[in-house]
*Asks:* 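Sharing a structure here in structure tokens format.
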Amino acid sequence: MKTPCLEIDLPKIEHNAKALRHMWGKYGIEVMGITKVDMGEPHIANTLNRAGITMLGDSRIEDIIRMRKAGIAATYVLIRSPFISDVKRVVKYADISFNTEISVIRALSKEALKAGKLHKIVLMVEMGDRREGILPEDLDDIIEEVLRLKGVVLEGLGANFACFGGVKPTQEKMNHFSLLVETLEKKFGIALPMVSGGNSANFIWLEKHSAIGRINNIRLGEAIFLGVETLYRKPIEGLYQDAFKLVAEVIEYKKKPSLPNGEVALNAFGESPKFEDRGIIPRAILGLGREDVDIDGLTPQIEVDILGGSSDHLILDAKESGLKVGDRVAFHLNYSALLSAMLSPFVKKVFRES
Ligand SMILES: *Cc1c(COP(=O)(O)O)cnc(C)c1O
């Protein structure tokens with residue numbers, strides 16, 4: 001098998017997806033599977049489907065097109081505000097889009113009318129994390145106009161936490177969000193079928209909540225793929241944390257001094273690296289680098305230390321591992337490493353089906 005490769009265990013992903021669907025489903029909350037980390041990889045989207053997840057969300061319209069063209073039947077949600085220059089594809093390929101700008105919604109409305117379609121709109125509400133969202137006090141005006149626009153229907157409201165500002169979805173925040181939904185429904189005499197309350201960072205809230213309120217949808221990516229909640233990156237009980245594994249190969253193994261020899265300036269990445277004097281150590285170099293993966297997000301699965309890396313080389317203190325040229329080393333990946341490995345054309349993706 002060619003290396004570096006990313007081994008993807010589909011049954012483990014299916015298990016995680018099913019388990020999460022049950023955990024949230026108990027409270028009437030539907031899980032939207034978020035596929036942006038895998039670029040809408042059809043094997044993975046199919047696996048989510050098999051686990052009973054019928055709503056798939058992605059930030060990239062290209063990923064949604066990829067999944068649709070692979071014939072995966074789902075409700076597709078564009079979870080990043082559409083580009084006003086790209087509304088045609090959004091109306092064509094997404095059933096629902098998340099929105100924060102009325103000018104974009106007007107463009108979606110025009111395009112939907114032209115295409116003879118009804119496009120569903122979820123308005124994102126800014127609840128304090130200070131990434132995307134409409135400030136609660138500005139919602140009235142926007143809703144009033146959305147309700148008047150033809151070709152679009154207001155499907156619901158969404159909130160996002162712990163993405164930019166790291167703001168936690170506390171019970172107080174969640175209550176506030178539900179209250180907003182109810183106030184707006186009453187004021188405009190409407191029903192909002194979808195209330196999307198957050199992402200993998202909402203897991204601790206789910207465990208400790210005193211009220212679910214109106215939340216009936218949650219958008220999960222990292223929890224499904226890596227089996228963790230994302231406020232503290234704590235493993236979720238009963239889920240696999242190792243559905244993905246990155247494997248790389250030893251291309252050099254030599255005993256060398258641990259300290260550089262010579263006058264030291266900046267390295268290839270403009271950093272001035274600091275090295276600890278470990279004396280003469282067994283060093284293994286892997287054929288893996290920053291062109292393949294975000295090396296800071298890797299954890300080796302054997303007793304070795306990552307000393308650093310460049311575009312094409314990862315340097316290990318091989319310790320007592322007994323590694324030799326040609327041996328393979330497996331790594332656990334965090335979300336950032338997973339994202340980069342999925343994206344790299346140099347990393348071969350290998351799917352385990354059973
Ligand atoms: C990426 C994303 C999610 C999923 O986040 P996870 O931490 O992977 O669960 C949810 N909502 C929005 C708007 C996103 O962009």
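Both ligands and their constituent atoms are indexed starting at 1 by order of listing.
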*Asks:* Does Asp292 reach the main-chain N or O of Val347 with its side chain, forming a donor-acceptor pair under 3.5 Å?
*Replies:* no
*Asks:* Out of all atoms in ligand 1, which are within 4.0 Å of some heavy atom of Gly221? Include the element for each.
*Replies:*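 Heavy-atom distances to Gly221 below 4.0 Å select 6 (P), 8 (O), 9 (O).
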*Asks:* Just by distance, do the side chain of Glu155 and the backbone of Val153 share a donor-acceptor pair under 3.5 Å?
*Replies:* no
*Asks:* Could you tell me whether the side chain of Asp296 reaches within less than 4.5 Å of the side chain of Ser336, counting heavy atoms only?
*Replies:*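 Result no, sub-4.5 Å side-chain heavy-atom pair not found.
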*Asks:* Among all the protein's non-hydrogen atoms, which is closest to atom 13 (C) of ligand 1, and how far away is it?
*Replies:*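 In this structure, atom 13 (C) of ligand 1 has Arg131 NH2, 3.5 Å as its nearest protein heavy atom.
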*Asks:* Taking distance alone, with N or O pairs closer than 3.5 Å, would you say Ile34 contacts ligand 1?
*Replies:* no
*Asks:* Verify salt bridge (charged side-chain N to carboxylate O under 4.0 Å, His left out) between Lys12 and Asp242, making sure each step is shown before the conclusion.
*Replies:* CA-CA 8 Å; Lys12 284 185 179 172; Asp242 60 351; 3.2 Å; yes
*Asks:* Ligand 1 versus Ile79, non-hydrogen atoms closer than 4.0 Å: side chain, backbone, both, neither?
*Replies:*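 Answer for Ile79: both.
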*Asks:* For atom 9 (O) of ligand 1, what's the nearest protein heavy-atom neighbour? Residue, atom name and distance, please.
*Replies:*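 Here the closest protein heavy atom is Ser200 OG, 2.5 Å.
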*Asks:* Based purely on interatomic distance, does Thr230 place a nitrogen or oxygen under 3.5 Å from a nitrogen or oxygen of ligand 1?
*Replies:*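 No; every N/O pair is 3.5 Å or more apart.
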*Asks:* Among all protein heavy atoms, pick the one closest to atom 11 (N) of ligand 1 and tell me residue, atom and distance.
*Replies:*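 Scanning the protein heavy atoms, the shortest distance from atom 11 (N) of ligand 1 goes to Arg219 NE, 2.8 Å.
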*Asks:* Describe, in one word, how the ring planes of Trp205 and Trp24 are oriented to each other, choosing from parallel (under 30°), tilted (30 to 60°) and perpendicular (over 60°).
*Replies:* tilted
*Asks:* Using a 4.0 Å cutoff against the non-hydrogen atoms of Glu222, which atoms of ligand 1 qualify?
*Replies:*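 Reading through ligand 1 atom by atom, the close ones are 6 (P), 8 (O), 9 (O).
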*Asks:* Quick one: does Lys36 get an N or O within less than 3.5 Å of an N or O on ligand 1?
*Replies:* yes
*Asks:* Give the intermediate values and the outcome of side chain to side chain donor-acceptor pair (under 3.5 Å) for residues Glu222 and Ser200.
*Replies:* CA-CA 6 Å; Glu222 189 162 344; Ser200 299; over 6 Å; no
*Asks:* Any heavy-atom pair between the side chains of Leu220 and Ile53 that's under 4.5 Å?
*Replies:* no
*Asks:* Identify whether NZ of Lys or CZ of Arg in Arg68 sits under 6.0 Å from the centre of the six-membered ring of Tyr76 and within 45° of that ring's axis.
*Replies:*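 No, a cation-pi geometry is absent between Arg68 and Tyr76.
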*Asks:* Stepwise, does the salt bridge (charged side-chain N to carboxylate O under 4.0 Å, His left out) test hold for Arg60 with Glu62?
*Replies:* CA-CA 5 Å; Arg60 314 270 162 167; Glu62 291 79 5; over 6 Å; no
*Asks:* Return the closest protein heavy atom for atom 5 (O) of ligand 1 as residue, atom name and distance.
*Replies:*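 Heavy-atom neighbour on the protein nearest atom 5 (O) of ligand 1: Asn199 CB, 3.6 Å.
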*Asks:* I need the contact type for Met32 against ligand 1. Using non-hydrogen atoms and a strict under-4.0 Å cut-off, is it side chain, backbone, both or neither?
*Replies:* neither
*Asks:* Given Leu184, which partner from the list Leu179, Asp140, Val125 fulfils the side-chain contact (heavy atoms from CB on, under 4.5 Å) test?
*Replies:*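 For Leu184, the side-chain contact (heavy atoms from CB on, under 4.5 Å) test succeeds with only one of Leu179, Asp140, Val125, which is Asp140.
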*Asks:* Under 4.0 Å, counting heavy atoms only: does Glu229 come that close to any atom of ligand 1?
*Replies:*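 It does not, in that no heavy atom of Glu229 comes within the 4.0 Å cut-off of ligand 1.
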*Asks:* Run the numbers for me: atoms of ligand 1, each under 4.0 Å from some heavy atom of Leu220, listed by number.
*Replies:*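 Answer for ligand 1: 9 (O).
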*Asks:* Report, in ascending order of atom number, the atoms of ligand 1 lying under 4.0 Å from any heavy atom of Glu132.
*Replies:* 13 (C)
*Asks:* Below 4.0 Å from ligand 1: does a non-hydrogen atom of Arg80 turn up there or not?
*Replies:* no
